[in-house]
Amino acid sequence: MQNYDHQSIEAKWRAYWKEQKINEVVEDTTKPKFYVLDMFPYPSGAGLHVGHPLGYIASDIFSRYKRLRGFNVLHPMGFDAFGLPTEQYAIQTGIHPAVSTDKNIKRYREQMDQLALSYDWSREVRTCDPKYYKWTQWIFTQLFDHYYDLDEDKAIPITALKERFEKEGNLKVQAAHTHANSFDASAWQSMTAKEQAEVIMDYRLAYRKIGYVNWCEALGTVLANDQIKDGLSERGAHPVEKRAMTQWYLRITAYAERLLEGLEHIDWSDALKTMQRNWLGRSEGASIHFDIKDHNAQLEIYTTRPDTIFGATFMVLAPEHPLVSQITTGDQQGDIDEYLDYVKSRSERDRQSDVKNVTGAFTGAYALNPFTQVEIPIWIAEYVLMDYGTGAIMAVPAGDERDHKFAEKFDLPIIEIIDRTDYPNAGIEDKVGTMINSDFINGKPVLEAIAAVCQAVEDKNMGKRQVNFKMRDANFSRQRYWGEPFPIVYDDEDIATALPLAELPLTLPDSDDFQPTAEGASPLARVTEWVELPDGRRRETDTMPAVAGSSWYYLRYMDPGNEDAFASKSTIDYWQDVDLYIGGAEHAVSHLMYARFWHKFLYDLGYLPTDEPFQKLINQGMIQGVIEFIYLKKEKTEGQHHFICRSMASDFDEEELVRIPVPIEYVSAYGTDDSYLTTEGIDGFIKWSPSYKDAIFEIPDGTYQKGATTVTGNQKEFQLITHSEVGKMSKSKYNVINPDDVIGQYGTDCFRMYEMFLGPLESSKPWDTNGIDGVFKFIRRLWRLYFDENGTFAIDRITPASKDELRILHSTIKKVQEDIERYSFNTCVSHFMIAVNDLKAYEVQKLEIAEALVVLISPFAPHIAEELWHQLGHEDSVHRAQFPELNEDHLKQSEITYPVSINGKKRTEAAFSVDATKEEMEAEALKLEAVQKWIDGKTIRKVIIVPGRMINIVAN
RNA sequence: GCCGAAGUGGCGGAAUUGGUAGACGCGCUGGAUUCAAAAUCCAGUUCUCGCAAGGGAGUGUGGGUUCGAUUCCCACCUUCGGUACCA
């Protein structure tokens, strides 16, 4: 009997598809479009592991399915090729990032091809390619040359803003900005060019300002907030400190409201939307001005609880607040200076790791409650952050937990302002209860009180209602080599200008020194012939972060070769936006937020027809690995490392042992509860890690050292039990499973179907090769449906399919179609198994059934489907076929078997004709022997019959 | 702490609108085929009582709604993910 030979068949069809350019797609207005996108990978040196392809396979199945349904499908892939790891690798090895990037991409490409992912590679993009980053730079120049007008609620050219300043100053301009002062037309006209440039800078959507940045000394660069974990750099776990630097920023906050609102109209998971909402962190409240006793300056605070103003017993400024130096009194100067020193000495990590500890110092100054003129002492404390709100708060110990702790520690008064006797379970920050001790709002419920105070604040000109967002403008500067250079030059007055399109791309100059300079400037600063222009101007030396290139790559796929635009109007009008986007949840905030921001910006400029880039988004789960550890005693035995069996670990205190990860190839029964090392496994481990070559390995029955066993018990085989843990697949845990190995053994079709069969796309699960045999068997069984026992292709082309065969086929069509549409690929695989198991009852398959089944399965197992399709006599590819049409008539049955329950518990079954009436069924059901037995001696209260579903008899 | 998701056999998981809980696969048990093995095929497999027929229990825990709850409501527990002095 001829068995399915995946090696030769898969290779044959991959070559055929390549030659036929079957995956290339062009705009075709006669067909509806569908855009399926994967998050493009960062090509790391490690290659793909079995976890990466999960999303790629799912999106590929969906793409192939949509093609069979007559859609013109755009399904591209590219590489997010700028970034820190490649540069770190270059620093360590001297290999130029461009060289290692090329090599890594080549490897990724091979692995992806092996998975038979139907990407149109003629559309590949790489963010590090000058032809690509020309347009990344161009979008940056557009951000630089626009500001956000709040009246128009969109981005407007800076030239229009200059004209308004010329005519009327900035008094009436409603715009997103960071400029502190107001000026009229004459003030504007009397400014120097440099002063004007500085004002304009504060309005640009891409702007420069001094900011406190996360500086990582060891990496020599600024890090974004999401590159920091627990106060240490995500990469390398180096300490991070705050440092003031002039940096480029993108004014994403201008789009905060639209980024929030847009979430209402896209089909993303609630979990993801909530994450974005939390990140945006919208809050409604009021900003209120407090006079300062004996000072001209006013103190502006932001609060979400203006109703609690009569309970404000002290004010707190952030230590960096500019007023601190002005208002501190002579006798408090010492305290304040001491506290500021303390704050400076604390790293980001200290601040985060001990939030319970309350600290602060008194300035000696007093603010005046704007309603009552009561004097309120002004303190400074770490817990108030300079870059949120106004960097200052009114502290209400009775209404805020942190304020309460602070008041207790420094013995400040606490005034109860809300009577919550009607709400015994409410917390002190809940917006329920009735105001007390609160002047004109006494007796009002909290929500009314908030409104009343807001109104009074505005009426009396003490401040205004205000909406705040937690999200900050993003730092867009990196002091690195391997990124897009900023298309910006400075003149001798340090006025920044963007390069015109004609001068783009500004290519990254070649260099072989990737270390940042001692002052923390980018390595580009060393390339003086590049930095210094002949006319005396100089270039920006920072580069853009990795998020730049990934914020718009999905648009470039529409028209990747275009040299005159990031994509032509006609291709954008055709492809519109992404219909389905699949990728990991690790990009839930930064990448997806930035892409949405850039998309909305380009929409404002009229380049895009829609204002959201990704209509449907799915986060695929992670495929985890099992990490195997062995226990090492911290204390050496007779100068030797001493490992012990897991079964002995409970005899020791936790502090006495360390867990050492072991590469999984040495472990027997890998992934099971009782995985262990044999003496061969130990030998392998020692060879791999020679520092343990003389180590002692102890099990309850004996020891193993330097190749010799001392077994005291009667155990036949030496088994050192390991400790298993599920975790991320990672090089450092030595638990990476390479898809190439699995594919080599089982074939791509099997691998694809097995990854889908593992479970729902969105849930994380550990990789387990054990189950793959089931899918492998299924594929061979599928193959055998088409061959007789002599291995000859055998299909009945004459006999029409029976009713039963048609029912099997059409129920499979129905289920597969429905399940693909709801991205439930694991259940599709089950349905295929059921179909093949059912059809096996027929010795020879009928043509009609055989053909439809091949098409149905082709998105999942493209190679075997293509082979069978050609064996069936087709010249063209199965991937150009049509999805079989569902005919519900074949699913209709003349009889339905009903479960019959008594009091909700199923007791028996009974078959009824589909057109039996309820009355007939009820009468028949009551006559059933099994029913009689259960209702004997009881009264029938009710009989419930749901047609097509079930029968329930209620009796007692 | 807050927000989100999820808890179903020995294991991965299924049950789409409240309607036969455990599809499909792994594993396991027994059998057929074979000189033997691989491969393949057949039967069984939630737990529990019982030789069987047939009972009882059962979807994290406790309650509720309903003729009927894995599904809806309330409270709690656990796990995972995100986030954190955000005023």
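Every chain is numbered from 1 and lettered A, B, ... according to where its sequence line falls, protein lines coming before strand lines. Because the structure is predicted, anything quoted here is derived from the model rather than measured.
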**Prompt:** Mind checking the C1' distance from B:A15 to B:G22? Whole angstroms is fine.
**Reply:** 9 Å
**Prompt:** In whole angstrom, what separates A:Met756's CE from B:G13's P?
**Reply:** 14 Å
**Request:** Send over the distance from A:Arg781 CZ to B:C24 P, rounded to a whole Å.
**Result:** 11 Å
**Message:** Regarding A:Pro760, tell me which of base, sugar-phosphate or nothing describes its non-hydrogen contacts under 4.0 Å with the strands shown.
**Reply:** sugar-phosphate
**Request:** Counting Watson-Crick and G-U wobble pairs only, both distances under 3.5 Å, name the nucleotide matched with B:C2, or none.
**Result:** B:G82
**Prompt:** Would you say a side-chain N or O of A:Trp934 is under 4.0 Å from OP1 or OP2 of B:G55?
**Reply:** yes
**Message:** Once you apply a heavy-atom cut-off of 4.0 Å, does A:Arg941 come out as touching a base, just sugar-phosphate, or nothing?
**Reply:** nothing
**Asked** A:Glu762 near the nucleic acid: base, sugar-phosphate alone, or nothing, with a heavy-atom cut-off under 4.0 Å?
**Response** nothing
**Message:** If you compare every side-chain N and O of A:Asn837 against the phosphate oxygens of B:C24 (OP1, OP2), does one of them come in below 4.0 Å?
**Reply:** no
**Request:** Remember a base hit wins even if backbone is also touched, and classify A:Val384 as base, sugar-phosphate or nothing at under 4.0 Å, heavy atoms.
**Result:** base
**Message:** Can you measure A:Leu317 atom CG to B:C86 atom C1' for me and round it to whole angstrom units?
**Reply:** 16 Å
**Prompt:** Under 4.0 angstrom, heavy atoms only, what part of the nucleic acid is A:Asn826 near: base, sugar-phosphate, or nothing?
**Reply:** sugar-phosphate
**Item:** Watson-Crick or G-U counterpart of B:G50, or none if no pair lies under 3.5 Å
**Value:** none
**Message:** The test is side chain to side chain contact (heavy atoms under 4.5 Å, CB included); show your working for A:Trp934 and A:Val900 and say whether it passes.
**Reply:** CA-CA 11 Å; A:Trp934 282 96; A:Val900 180; over 6 Å; no
**Item:** Side-chain donor or acceptor of A:Arg596 paired with backbone N/O of A:Leu259 under 3.5 Å
**Value:** yes
**Asked** What does A:Asn952 touch in the nucleic acid at a heavy-atom separation under 4.0 angstrom: a base, only the sugar-phosphate, or nothing?
**Response** base
**Asked** What is the distance, rounded to the nearest whole Å, between atom CZ of A:Arg472 and atom C1' of B:U83?
**Response** 13 Å
**Asked** Is A:Leu385 touching bases, backbone alone, or none of the nucleic acid, heavy atoms closer than 4.0 Å?
**Response** base
**Request:** Check whether any side-chain N or O of A:Arg282 sits under 4.0 Å from OP1 or OP2 of B:C86, and answer yes or no.
**Result:** no
**Asked** Is a side-chain donor or acceptor of A:Gln620 paired with a backbone partner of A:Gly584 at a separation under 3.5 angstrom?
**Response** yes
**Prompt:** Base, sugar-phosphate, or nothing for A:Trp767, non-hydrogen atoms under 4.0 angstrom?
**Reply:** nothing
**Message:** Please tell me if A:Lys765 has a side-chain N or O lying less than 4.0 Å from either OP1 or OP2 of B:G12.
**Reply:** no
**Asked** Between the side chain of A:Lys273 and the main-chain N/O of A:Ile266, is any donor-acceptor distance below 3.5 Å?
**Response** yes
**Prompt:** Does A:Arg822 use its side chain to pair, donor to acceptor, with the backbone of A:Ile820 at less than 3.5 Å?
**Reply:** no
**Request:** Give a yes or no answer on whether the side chain of A:Asp768 reaches the backbone of A:Asn770 with a donor-acceptor pair at less than 3.5 Å.
**Result:** yes
**Message:** For a quick check of understanding: with a heavy-atom distance under 4.0 Å over all strands, which category does A:Lys933 fall into, base, sugar-phosphate or nothing?
**Reply:** sugar-phosphate
**Asked** Base, sugar-phosphate alone, or nothing: which one does A:Glu818 contact when heavy atoms must sit under 4.0 Å apart?
**Response** base
**Item:** Touch class at under 4.0 angstrom, heavy-atom based, for A:Leu758 against every strand present
**Value:** sugar-phosphate
**Complete:** Mate of B:G44 across any strand shown (Watson-Crick or G-U wobble, both atom pairs under 3.5 Å) is B:C28
